[in-house]
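Values below: every heavy atom of this structure, side chains too, minus hydrogens, waters and symmetry copies. The structure displayed is predicted, hence computed values, not measured ones. Quick note on labels: first sequence line is chain A, next is B, and so on, each numbered from 1.
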Amino acid sequence: MKIYINGEEVVCSNELTITEEMLTTSSTILNNCYPKSWETDHDYTSRFYYPKDYSKCLIYNGEDLIFCGVVKNTGNMSLNPRDPHYATLQVLDFKTMLSEGDTLGFVINEKTVPEAIQMVVDAVESYGIEVGNINILNPNEIIGAYSTVDKTAYDVLQYLAEISQARWTTRLVDENTIAIDFYDPTLMPQADDIEYTKEYFEENGIESIEYSYGTYDYRNKQVMTSDQVYGSIDYTETILANGFERTFNTTANIGVIKHIYVDNVAKTFGTTDEKDIGMDYNFYYTPGQTQIESNENEPIISSNSEITIVYTPLIKGRQIVYNTDEVDRVSTQTSRNGVISRYENRNDVLSIDELNDIGQTYIKYKGEAEINLTILTYNYDLFNVGQLVYFNAPLDELKKNYMVKQKEITMYTAKSQQNIFVKYTLTSSFNSEREVNYFDNQRNKAKGNISAGEYITRNVDIENTANIIFNNLVVEEVEEGNILNSTLNTILNN
Amino acid sequence: MTDEYKERIIKWLTGNYEEEEIPLQPEPLFYDFNKTASDINTYISKTIGFIQGKDGKGNDLDVGFIYGNDNQDKGVILVVDKELNILQVINEFDSGTNFDKFICLNIDTTNGNIYGLDKNGSQYRFILLNNFLIKTPAQENYTVKLRNSYLLTMSFTPKFVDKKPNEAFYVIIGEDEELPYIATYKIEVGSTNEYLEYHYATAFGDYTTLKEYNIIWSGDSYEIKIGCISTKNITSPDLHYSIYYLEYGFDGTTITQTKTTFLSTDYSSPNRIHTFSSIAITNNHTYVAFSQDNGDSLLVEILYEGEYEWEEFWTLEGDTTLDYAWTVIKIKKLNNRIFFYGLKNIDSPNDNTQTEFKLYLGQLYYTNFTNFIYKECPDTFKLYELYAYQGSAVFSINLFYNINLFYITTSRANYIVSGMQIFNINNWEYIDYQEINSMIPNSVWLYNNNKIIYARNLYNKVVSGNTTTSTVEVPNLLLNDIDIEQQDLLGQTNGVLVSNIDTIQKNIYEDLYINFYNTLTMQNQNTQEYIANIVGASRLNGSISNSSGGETYNDVKLTKIRINYSDNTSLVKAINPATRISQFVYQYSFNIYVPGTKDITNIEMISQDESTVYQTITGLSLARSKSYKITQNVEIGE
């Protein structure tokens with residue numbers, strides 16, 4: 001293993017661990033780090049080693065570049081004159097630039113998710129970011145307008161992953177580049193199956209496999225509530241105009257208006273957002289409010305005219321979902337009430353049906369134990385973070401797909417022998433979040449975060465420099481006879 | 001930065017910057033003349049007008065509409081872009097009812113709603129339409145809705161309609177049997193609408209036509225001017241026809257005749273007055289354009305009513321050997337400014353339809369040089385291309401926000417001619433020349449496909465040390481979903497300071513600010529280790545970006561040295577401006593003498609006003625009582 005910081009080879013303590021995770025920036029700690037050149041004269045006290053923050057760090061395993069990042073924090077340097085003056089360094093991979101680099105400032109409009117990813121990556125490509133594998137469902141769907149103002153590239157990529165139900169991660173390409181990969185969980189690259197055989201373990205350097213079986217968030221009854229959902233019944237209300245007011249109140253919050261009639265004559269209507277951009281209707285309303293207003297450019301509605309409004313109201317929602325088989329199982333085993341209940345309030349749903357569907361999803365994914373596998377290999381790299389792996393396990397409960405969510409590479413040198421252990425953490429519940437947030441994500445995908453009539457301030461900077469250089473100085477002694485020819489005639493002044 | 005800009009900077013520093021003489025006839029900024037086929041006349045038999053759209057807040061849109069009537073006398077609306085390309089043809093309201101015959105339409109400047117008059121048989125109707133030039137991204141088509149309508153019983157033929165801002169008060173202007181009429185129409189809330197008519201007591205006179213009007217709204221009061229043209233039969237000294245301008249005023253209750261002016265300038269017989277006269281009335285002046293044949297020459301003239309008398313604004317003199325019959329001039333007002341197009345025949349073959357014309361587009365504007373700025377369209381027209389049996393001309397001018405780019409477009413028969421003028425009313429409106437203010441950032445031009453699509457003065461400029469930040473704004477409604485492939489920053493005399501070719505694309509959700517950061521650095525590279533001079537760079541940058549007169553330049557230029565001696569004394573001397581070695585490299589050359597009693601510690605190259613050091617020459621090993629020649633290059637690079 002060789003480590004370079006700012007092009008200079010350094011050495012550190014014998015043990016080194018690199019942690020890779022789906023959404024977290026990969027990092028490592030270099031303990032007692034100093035330039036290898038110090039080992040020539042073994043003078044560790046008269047010099048100080050403290051590479052500046054954002055120094056570039058490369059770690060090679062043989063000829064393979066296995067880590068590339070920047071020094072982020074430096075510490076643990078002793079200032080005792082008798083102690084060696086080396087430091088402990090925290091090194092983050094270049095994914096950190098997605099969070100720390102320039103914030104974005106444009107609106108993604110009329111784009112698909114892959115096009116949006118490209119826009120984000122284009123904005124940060126100078127940090128060495130490129131688009132990698134984009135393997136998502138429905139890649140040609142246009143997403144709602146989304147403002148990236150003051151958001152980091154990381155935030156926007158995370159948003160794009162959520163609305164496309166995908167997972168994203170970064171991948172080291174070379175010293176100068178990392179790639180952004182997007183995968184739908186069902187389309188993640190599939191690694192070879194894990195076989196439960198002695199030969200397989202030996203061939204793949206597997207030291208150990210352990211599993212944990214957790215019921216931390218288990219439930220067999222799900223209570224779902226929401227402050228506002230669209231009612232299943234449309235309301236019809238009639239209001240008498242008083243001849244001098246332009247606003248009229250409804251009894252419930254308006255979700256969406258179906259019809260408005262004035263004295264049985266149908267009228268046009270739109271939202272106040274549409275009004276702001278100049279769309280012309282007889283009435284306007286703001287969803288979520290109990291009020292409609294007539295067009296101010298039109299004559300006021302005369303006294304005693306009947307305004308009939310048909311609208312879908314917004315009401316409080318509550319749904320309960322049971323897994324009765326599980327309730328019975330727990331009840332039988334405990335000889336007690338078998339209901340294990342969880343309560344969720346979701347204000348991101350619009351209808352009772354959606355509330356019910358989300359409750360079902362909770363029961364589906366949280367109604368069984370979450371299984372985590374931990375695999376340790378020696379001198380053998382088996383998987384990458386984000387891969388799907390099927391475990392052909394000896395127990396039926398464990399036979400399923402798992403996602404590699406974390407990878408920890410530990411290297412240490414003992415007696416000049418380099419040893420590499422890789423610990424993989426795999427999880428079975430990689431799909432639950434996507435399903436539980438399905439409706440919210442789909443709605444965000446369609447709606448975005450900026451409406452018609454709104455706009456952001458986008459800045460594009462064009463930087464130009466002109467450099468004025470004084471150079472090519474020539475000084476020549478002037479012959480005696482030419483003194484008086486001096487343009488400055490300085491001899492006469494001194 | 002452009003080479004031209006860098007060259008000017010180095011000249012400025014080295015004392016070689018020279019102001020150029022203003023050209024006697026400078027070239028105006030006209031671009032992209034296009035003659036393209038059009039099928040406007042396929043849809044409209046009689047064009048009434050063109051209106052540029054506005055959004056719900058009154059901001060200009062980059063779409064508009066031409067309206068008129070078809071050969072069945074039914075109304076037609078053509079939604080068009082700024083070059084009059086048809087985007088959509090509309091013949092009916094969203095209810096499915098066909099338009100009636102349009103009489104006149106206008107736009108509410110505060111919200112973009114359209115209002116006007118239509119006619120069914122002999123029945124006039126006041127109509128209020130929606131702002132149909134606005135549509136959401138989800139909407140495929142522009143949709144015209146009839147928001148309200150009121151039947152009017154009118155005693156005259158309406159020609160124009162206007163609206164008081166922010167009130168439901170309308171003015172209708174027209175004529176009947178050569179009497180000028182004005183009607184006011186107030187839409188009331190909770191009571192009957194008020195319709196009132198007024199007319200002048202005496203008829204216009206023979207062959208008189210209402211041509212134009214102007215309204216100044218001021219609080220609750222308003223003032224209307226009506227302009228008419230009369231072609232009269234003059235019998236003395238000889239029988240001929242001549243042209244009069246008649247003007248009427250209306251103060252809200254009474255119409256009075258305010259002016260009758262004989263406009264023809266030549267009485268020789270027979271004067272042929274053509275019927276293509278047009279009028280534009282601004283808040284302060286009246287312009288009348290007409291053509292006449294005085295027997296010896298053809299004159300197409302625009303007269304301008306100054307404070308006391310009519311003055312000739314523009315005369316286009318034709319060739320007397322040709323047939324002038326179709327020569328035409330047309331003027332139009334936009335935002336109180338006057339634009340025009342003129343047609344002049346240049347060939348008169350036996351086959352009349354092959355008669356060839358030149359077309360001119362321009363603007364009437366007093367400058368130091370002329371009273372007009374115009375450009376000749378490179379394409380010529382044949383008579384048959386200009387006139388069709390059906391159809392009539394559209395003359396449109398588009399102005400987007402307060403930007404400097406005007407689209408002047410006219411359709412003639414089956415062709416559209418469009419040209420663009422970049423006109424910067426507060427600054428130099430011609431091509432670049434070198435002046436003391438040439439490097440002060442002033443405006444930005446944006447390009448697509450090598451064509452200017454936007455021109456606007458800066459939103460802001462900040463000079464801070466050695467960096468000047470120049471910002472231009474592109475409102476969210478404009479330039480959406482097209483590639484802005486080139487961005488040019490221009491100085492006050494229209495020289496290009498920066499030309500950037502990174503592609504920018506914006507959308508309707510973005511109010512775009514393009515910031516040009518121009519930074520000057522200054523380095524002493526005589527030594528192995530380069531020494532930056534931020535003070536010198538800042539002084540130079542401040543002077544080129546803010547200079548307002550020759551004195552600043554004279555103070556700033558590097559034309560002196562300060563010799564510092566070992567006894568802490570110094571001597572300041574003038575030196576000659578640097579000589580040019582190449583486009584970006586200049587060379588100073590001067591002699592110095594080292595006294596016998598002290599050494600020279602360094603030599604500072606300083607500004608004329610001795611306040612700024614641009615370069616310090618150090619490390620000199622000079623012997624006492626000797627003279628030396630020193631040459632120092634200064635160059636500008638990236």
Side-chain angles (χ1 to χ4, degrees), chain A residues 105-110 145 147 243-244 268 274-282 295 297-300 302-303 450-480 482-483 485-494, chain B residues 1 6 9 13 55-56 111-113 130-131 134 136-137 145 147-148 187 189-190 476 487 498 500 504 506-526 537 571 573 590-593 595 615 617 620 626-638:
Chain A
F106 51 84
V107 174
I108 298 167
N109 183 38
E110 292 285 307
S147 165
F244 60 87
T268 60
E274 290 174 312
K275 176 188 175 186
D276 289 342
I277 62 169
M279 302 295 292
D280 194 73
Y281 297 107
N282 298 124
N295 190 325
N297 295 315
E298 295 175 2
I300 209 151
S302 54
S303 176
I450 188 165
S451 313
E454 294 178 331
Y455 58 85
I456 59 141
T457 298
R458 178 181 166 196
N459 281 281
V460 172
D461 298 334
I462 297 170
E463 293 173 3
N464 297 279
T465 303
N467 193 10
I468 293 163
I469 299 162
F470 290 88
N471 58 12
N472 290 332
L473 175 73
V474 177
V475 181
E476 296 170 299
E477 186 180 343
V478 180
E479 295 296 322
E480 283 293 319
N482 292 332
I483 289 176
N485 292 336
S486 163
T487 53
L488 296 177
N489 205 16
T490 48
I491 191 169
L492 301 177
N493 291 320
N494 291 275
Chain B
M1 294 180 190
K6 286 188 291 187
I9 294 172
L13 174 67
D55 74 356
N111 57 26
N113 287 339
N130 64 322
N131 182 350
I134 288 282
T136 62
K145 294 178 184 175
R147 292 168 48 222
N148 226 324
I187 297 176
V189 174
N476 71 305
Q487 308 89 38
V498 174
N500 186 64
I504 302 170
K506 71 179 284 289
N507 56 55
I508 196 167
Y509 299 102
E510 295 173 337
D511 196 16
L512 178 66
Y513 290 84
I514 301 175
N515 309 299
F516 292 82
Y517 290 91
N518 293 346
T519 302
L520 286 185
T521 58
M522 195 173 276
Q523 276 184 342
N524 177 357
Q525 293 193 3
N526 287 338
L571 175 70
K573 282 293 180 184
F590 51 89
N591 289 1
I592 57 165
Y593 174 74
Q615 163 71 341
I617 301 171
L620 296 168
K626 285 187 182 289
S627 288
Y628 293 91
K629 179 186 177 189
I630 295 182
T631 56
Q632 172 71 73
N633 282 8
V634 55
E635 66 180 63
I636 187 165
E638 297 293 335

So, does E298(A) use its side chain to make a donor-acceptor pair with the main chain of N295(A) at under 3.5 Å? no
Using atom types as modelled and distance alone, determine if a side-chain donor or acceptor of E477(A) lies under 3.5 Å from a backbone N or O of S627(B). no
Do N476(B) side-chain atoms and I508(B) backbone N/O form a donor-acceptor pair below 3.5 Å? yes
What residues form a side-chain hydrogen bond (donor to acceptor under 3.5 Å, both in side chains) with N515(B), not counting sequence neighbours? N459(A), D461(A), T471(B)
Between I514(B), N131(B), I9(B), which has the largest tally of heavy atom pairs under 4.5 Å with chain A? I514(B)
What part of K145(B) gets closer than 4.5 Å to chain A, counting heavy atoms only: side chain, backbone, both or neither? side chain
Give, as side chain, backbone, both or neither, the part of T465(A) having an atom under 4.5 angstrom from any heavy atom of chain B. both
Where on I504(B) is there a heavy atom nearer than 4.5 Å to chain A: the side chain, the backbone, both, or neither? side chain
Is a donor on one side and an acceptor on the other found under 3.5 Å between the side chain of N507(B) and the backbone of V107(A)? yes
Side chains of Q487(B) and N500(B): any donor to acceptor distance under 3.5 Å? yes
Would you mind checking which part of N111(B) comes under 4.5 Å of any heavy atom in chain A, side chain (CB onward), backbone (N, CA, C, O), both or neither? side chain
Per-residue contact mode, E454(A) against chain B (heavy atom under 4.5 angstrom): backbone
Counting heavy-atom pairs closer than 4.5 Å to chain A, which one of T631(B), V634(B), I636(B) comes out on top? T631(B)
Counterpart residues, side-chain hydrogen bond (donor to acceptor under 3.5 Å, both in side chains), relative to T521(B) (two or more places apart): N467(A)
Side chain, backbone, both or neither: which part of F244(A) has an atom under 4.5 Å from a heavy atom of chain B? neither
Heavy-atom pairs under 4.5 Å with chain A - which of M1(B), Q523(B), K6(B) has more of them than the others? Q523(B)
Quick check on N518(B) against chain A: is it the side chain, the backbone, both or neither that has a heavy atom closer than 4.5 Å? both
